[in-house]
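When reading the values below, keep in mind they use all heavy atoms of this one structure, side chains included, and skip hydrogens, waters and symmetry mates.
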Amino acid sequence: MIQRQPATVLALPVVPRHVAVIMDGNRRWAQERGLPAVEGHRAGANALRETVRTAARAGLEILTVFAFSEENWKRAPIEVELLMDLERAFALREAASLREQNIRVRAIGRRAALPGATRAAVEVLEATTAGCTGMLLNLALNYGARSELCDAIRALALDVQAGRLPLGAIDDDVLSNYLYTAGLPDPDLLIRTGGELRVSNFLLYQIAYSELWSTNALWPAFDGALLHEALLSFSRRQRRFGS
């Protein structure tokens with residue numbers, strides 16, 4: 001059992017509006033303890049619950065987490081099936097709690113490829129929290145940034161072809177409106193756990209100017225204290241945006 005730090009209401013000089021998280025290390029956490037991979041994923045779900053609660057209390061407007069990538073389909077079928085079951089269980093179990101916390105949930109990615117039961121549970125979660133006005137939690141499910149860009153460019157090209165969008169009108173703002181994150185500010189901060197230093201095909205367009213923060217802690221060990229550390233690091237940085 002992981003002893004977690006209690007969620008803390010953070011008093012920071014600057015709080016990012018949008019934080020994105022690459023949750024890495026579930027399988028390594030389980031392997032270090034001689035446990036099957038699914039136990040690492042279960043512990044990772046607990047870490048996500050704590051992180052969401054703490055992020056909302058800290059005043060974040062948006063939290064986007066990399067829950068399942070398109071590349072994850074390459075894993076052993078039994079592990080993929082267990083991951084889909086965990087995604088479904090998380091959606092059903094957390095819906096009431098997230099609504100009570102006034103947290104709205106939205107899934108981004110190619111959801112049509114998800115198993116029917118998982119997709120239905122996510123849709124119930126979205127519907128249950130649709131009226132919430134607090135933090136937005138984006139669950140990136142069957143997500144890949146290159147696929148997102150392909151989908152965006154395809155939709156944009158169709159609008160140009162149909163005469164709904166002049167070719168000369170295409171700029172950064174227009175393209176952004178065709179992404180899965182349309183209408184949202186780009187992430188101010190990207191957090192990666194597990195000691196890795198790569199972005200793994202996650203929000204490639206949106207993180208062009210995001211601040212990066214990495215920790216050696218594996219995702220199941222991530223807690224409110226580590227989130228506070230990441231937010232504190234962000235608050236001390238001077239963002240220049242190329243100027």
Side-chain angles (χ1 to χ4, degrees), residues 7 9-10 15-23 41 44-70 72 83-145 147-149 151-152 154-156 159 173-191 202-203 205-207 224 227 231:
V9 178
L10 306 173
V15 177
R17 295 182 64 192
H18 186 176
V19 172
V21 184
I22 301 174
M23 306 180 293
H41 296 310
N46 292 333
L48 176 57
R49 184 183 303 109
E50 172 69 15
T51 299
V52 170
R53 183 183 299 113
T54 305
R57 288 165 61 86
L60 271 64
E61 294 180 25
I62 306 159
L63 178 68
T64 301
V65 298
F66 207 176
F68 189 88
S69 75
E70 287 187 313
N72 288 157
L83 279 168
M84 289 295 105
D85 286 346
L86 284 171
E87 299 287 359
R88 178 181 59 81
F90 179 88
L92 295 175
R93 185 179 61 244
E94 299 299 319
S97 174
L98 290 167
R99 183 175 60 187
E100 289 175 4
Q101 296 174 70
N102 197 30
I103 296 172
R104 181 164 61 94
V105 181
R106 187 176 72 172
I108 61 173
R110 291 179 168 176
R111 68 170 72 194
L114 296 173
T118 301
R119 186 170 64 251
V122 170
E123 290 171 354
V124 168
L125 177 59
E126 290 178 317
T128 301
T129 62
C132 296
T133 58
M135 188 180 77
L136 170 64
L137 171 61
N138 285 321
L139 296 175
L141 290 167
N142 194 31
Y143 175 88
S147 293
E148 177 183 27
L149 287 169
D151 290 346
R154 188 180 299 111
L156 189 153
D159 280 348
D173 290 336
V174 169
L175 179 56
S176 293
N177 285 330
Y178 285 84
L179 299 174
Y180 301 153
T181 54
L184 302 179
D186 291 337
D188 301 295
L189 174 66
L190 173 65
I191 296 172
F202 185 48
L203 301 177
Y205 192 88
Q206 296 92 330
I207 63 171
L227 178 60
L231 297 179

Colleague: Are the side chain of Asp188 and the backbone of Arg17 linked by a donor-acceptor contact shorter than 3.5 Å?
Modeller: yes

Colleague: Would you call the rings of Tyr143 and Tyr180 parallel, tilted or perpendicular, where under 30° means parallel and over 60° means perpendicular?
Modeller: perpendicular

Colleague: Using 0.5 Å steps for rounding, measure from the CG atom of Leu98 to the CZ atom of Arg53.
Modeller: 9.0 Å

Colleague: Do we see a donor-acceptor contact under 3.5 Å between the side chains of Ser69 and Asn72?
Modeller: yes

Colleague: What are the two closest heavy atoms between Ala58 and Val15, and how far apart are they?
Modeller: O-CG1, 3.7 Å

Colleague: Going by the salt bridge (charged side-chain N to carboxylate O under 4.0 Å, His left out) test, which pairs reach into residues 107-133, not counting sequence neighbours?
Modeller: Glu70-Arg110, Arg110-Asp151, Arg111-Glu126

Colleague: Nearest 0.5 Å, please: how far is CD1 in Ile207 from CG in Leu189?
Modeller: 11.0 Å

Colleague: For the side chain of Asn102 and the backbone of Thr133, is there at least one donor-acceptor N/O pair under 3.5 Å apart?
Modeller: yes

Colleague: Could you tell me if the side chain of Leu63 sits less than 4.5 Å from the side chain of Val21, heavy atoms only?
Modeller: yes

Colleague: With rounding to the nearest 0.5 Å, note down the distance linking CD in Gln206 to CG in Leu190.
Modeller: 11.0 Å

Colleague: Is the shortest side-chain heavy-atom distance between Leu139 and Val122 below 4.5 Å?
Modeller: no

Colleague: For the backbone of Pro185 and the side chain of His18, can you confirm whether one donor and one acceptor N or O come within less than 3.5 Å of each other?
Modeller: yes

Colleague: Any side-chain heavy atom of Leu137 within less than 4.5 Å of one from Gln101?
Modeller: no

Colleague: Minimum heavy-atom separation for Met84 to Thr118, with atom names?
Modeller: O-OG1, 3.1 Å

Colleague: Supply the atom-to-atom distance Leu149 CG to Leu175 CG, rounded to the nearest 0.5 angstrom.
Modeller: 7.0 Å

Colleague: Might you point out which heavy atoms bring Ala55 and Leu227 nearest each other, and give the distance in Å?
Modeller: N-CD2, 3.7 Å

Colleague: Report yes if the side chains of Leu184 and Thr64 come closer than 4.5 Å at any heavy-atom pair, otherwise no.
Modeller: no

Colleague: Within this structure, what is the CZ-OG1 distance for the pair Arg57 and Thr54, rounded to the nearest 0.5 Å?
Modeller: 7.5 Å

Colleague: Which heavy atom of Ala152 sits nearest a heavy atom of Leu179, and at what distance?
Modeller: CB-CD2, 3.9 Å

Colleague: Of all the heavy-atom pairs spanning Ala45 and Phe90, show the shortest one and how long it is.
Modeller: O-CE1, 4.1 Å

Colleague: Are Val52 and Val65 close enough, and set up right, to give a side-chain contact (heavy atoms from CB on, under 4.5 Å), and what steps lead you there?
Modeller: CA-CA 10 Å; Val52 170; Val65 298; 5.7 Å; no

Colleague: Measuring from atom CD of Glu87 to atom CG of Leu114, what distance do you get when rounded to the nearest 0.5 angstrom?
Modeller: 8.5 Å

Colleague: At their closest point, which heavy atom of Thr181 faces which heavy atom of Glu148, and how far apart are they?
Modeller: N-OE2, 3.9 Å

